[in-house]
Amino acid sequence: MTVTDQYQRHTEASRRPGRWLALAVLVLAVLLVAVDATVLGLATPFLSEDLKPSGSQLLWIGDVYSFVIAGLLVSMGSLGDRIGRKKLLLTGAVAFGAVSVLTAYATSPELMIAARALLGVAGATLMPSTLALIRNLFHDPRERSLAVGIWGAMASAGAAVGPVVGGFLLEHFWWGSVFLINLPVMAILVVVGYKLIPESKNPNPGPWDLPSVGLSLIGMIGVVYAIKEIAAHGPTLDVAVAALAGAGALTWFVRRQLTLPAPLLDMRLFRNRGFSAAVVADLLTILGLSGLIFFLSQFLQLVQGRQPLEAGLAELPAAVGAVTAGLIAGSAARRYSVRSVVAGGLAAVGLSLAVLTTLDSHSGYPLLGAALLVVGVGAGFAFTVTADVILSGVPKEQAGSASAVSETAYELGAALGIALLGSIVTGVYRGFATPAGVPEGAAAAAHDSLGGAVEASAGLAPETGAALVASAQEAFVDGLRIAAGIGAAVLLATAVAAWFLLKGQKLADGVEH
């Protein structure tokens, strides 16, 4: 085949209209994961009332999904490169739907934690596959920027649809219904995706190295668990063992990848300064945001007294901003520069979080809504451009591995953010003074979680119950303000680092051959 024939074949492929229909199906998988992540926050007060988890169990319910998915993303991205990304995506979608049913009907905190962990296993197959398939569907870099923008926008739309639909369901059905909304999305993805999505994989993948899979999983879970426990309870012997085991496994993983002829993750990808900077920016940004977002729904419902649907609608500006920014981020990065769009977006998020340090239980919605809108716009610009940088910086054959690195940074940042900032909020909250006249049992339940305080107050005299709730709410908001301040500092520092590390980085323009 001549060079001219190859050019014509790639040009025809890049113009094939079916690629946009395939993209529409791929973003359903993104919706699946985003909706599941956001509805959990709204359902937390109802979970607390029904399953009665401890404060520690509540954090595990929130972050075990991220722990497991972070530990498996690299392995699953590499598996998709080997067996076929379409096959892995559709298999994962079926598993995700099945485990969603188990989650919906969990009858104890322990079962809920186990179900969320299994959901992480299934979720690890979805996100790397979607981005990798986009990398192989769109050969024109400008079209790919738009496709990545739509991918990111749909993730944000899922963050908006989740609370609104979840709020509606919580007002009319039991909390488990918020997980069952995954089923119709999964069904559409599997049926339509089977017909429309073209298969792609690495033509010369080499074997899937199982020892590397185990090292990656043990290493990530060990390190994240240790950080979470230190933040919540301080250093202990068990935590030290977990940290050493995790760090040792990750070190062994890296050394093994450097010696394998067909590594699970090609460590040479990190020699690209733009790739490494984009990955670090994603991790730190999510770390700064996630702890705050995890507790925001509880603030809106349990502190400000909003109904679930109203709370979901109150979070809508962040998604609207992210959708809008994601669709124009690629064009903005080409017109100005990659570093100005990413650093500017991160700085906007950081300043918005700084504004949220002024929140109190009586703050009006305009302040919160405006801050969330700017957070969404900034995150939409930053995440879309960094995803484009990560995808365009690697060969198509390694798209799954590169996508997995991007998603690992995202999920690891989420796990660390919930662990660190969530533990700070919980620690500050537990320090509130118990009003006089509150029985010891009610006081213990109230100090476990804000939902526990609201429930405990129902069995007390009206004045005593109101005093207990007011004291608990004040402590919760104090913790939330501290988390917002730390998040702001992390985001502003990341913006400065991105400005220097992404210097000279550009998005591609020419059609790939």
Side-chain angles (χ1 to χ4, degrees), residues 27 30 34 131 134 141-160 274-275 277-290 292-293 315-356 369-393 403 406-407 409-410 413-414 417 487-488 490-509:
V27 297
V30 180
L131 264 181
I134 288 173
R142 289 181 179 271
E143 281 196 346
R144 186 170 62 242
S145 291
L146 178 58
V148 170
I150 293 171
W151 178 88
M154 291 305 288
S156 301
F275 180 91
V279 170
V280 172
D282 283 356
L283 187 151
L284 292 177
T285 302
I286 289 296
L287 189 154
L289 275 173
S290 59
L292 179 72
I293 298 302
E315 297 178 37
L316 200 58
V320 172
V323 168
T324 304
L327 294 177
I328 62 174
S331 298
R334 287 183 173 86
R335 181 173 180 179
Y336 302 104
S337 69
V338 165
R339 73 170 182 171
S340 62
V341 171
V342 173
L346 297 180
V349 177
L351 292 173
S352 296
L353 292 182
V355 169
L356 293 181
L372 288 176
L373 178 64
V374 177
V375 165
V377 170
F381 276 124
F383 286 136
T384 302
V385 175
T386 53
D388 204 340
V389 168
I390 289 168
L391 273 186
S392 59
S403 302
S406 173
E407 292 302 323
Y410 187 100
V490 170
L491 265 294
L492 292 173
T494 305
V496 173
W499 176 261
F500 290 103
L501 293 175
L502 291 173
K503 182 180 179 180
Q505 188 70 39
K506 295 182 179 180
L507 300 184
D509 279 312

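This structure is a prediction, so every number in the text was calculated from the model and none was measured.
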Shortest non-hydrogen contact from [X] toward [Y]:
| X | Y | value |
| --- | --- | --- |
| Thr285 | Phe383 | CG2-CZ, 3.6 Å |
| Leu502 | Ala277 | CD2-CB, 3.7 Å |
| Leu356 | Ala371 | CD2-CB, 3.7 Å |
| Ala488 | Ala354 | CB-N, 3.6 Å |
| Gly369 | Pro317 | O-CB, 3.6 Å |
| Leu491 | Gly350 | CB-CA, 3.6 Å |

Identify which one of Asp282, Leu284, Leu283 satisfies the side-chain contact (heavy atoms from CB on, under 4.5 Å) criterion when paired with Val280.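 Filter result, single survivor: Leu284.
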Any residue meeting side chain to side chain contact (heavy atoms under 4.5 Å, CB included) with Thr384, in chain and number order, not counting sequence neighbours: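 Side chain to side chain contact (heavy atoms under 4.5 Å, CB included) list for Thr384, sorted by chain: Val148, Ala329.
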Any non-hydrogen side-chain atom of Val374 less than 4.5 Å from a side-chain atom of Leu351?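 Counting from C-beta outward, Val374 and Leu351 never come under 4.5 Å.
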Side chain to side chain contact (heavy atoms under 4.5 Å, CB included) between Phe381 and Leu346, worked out: CA-CA 8 Å; Phe381 276 124; Leu346 297 180; over 6 Å; no
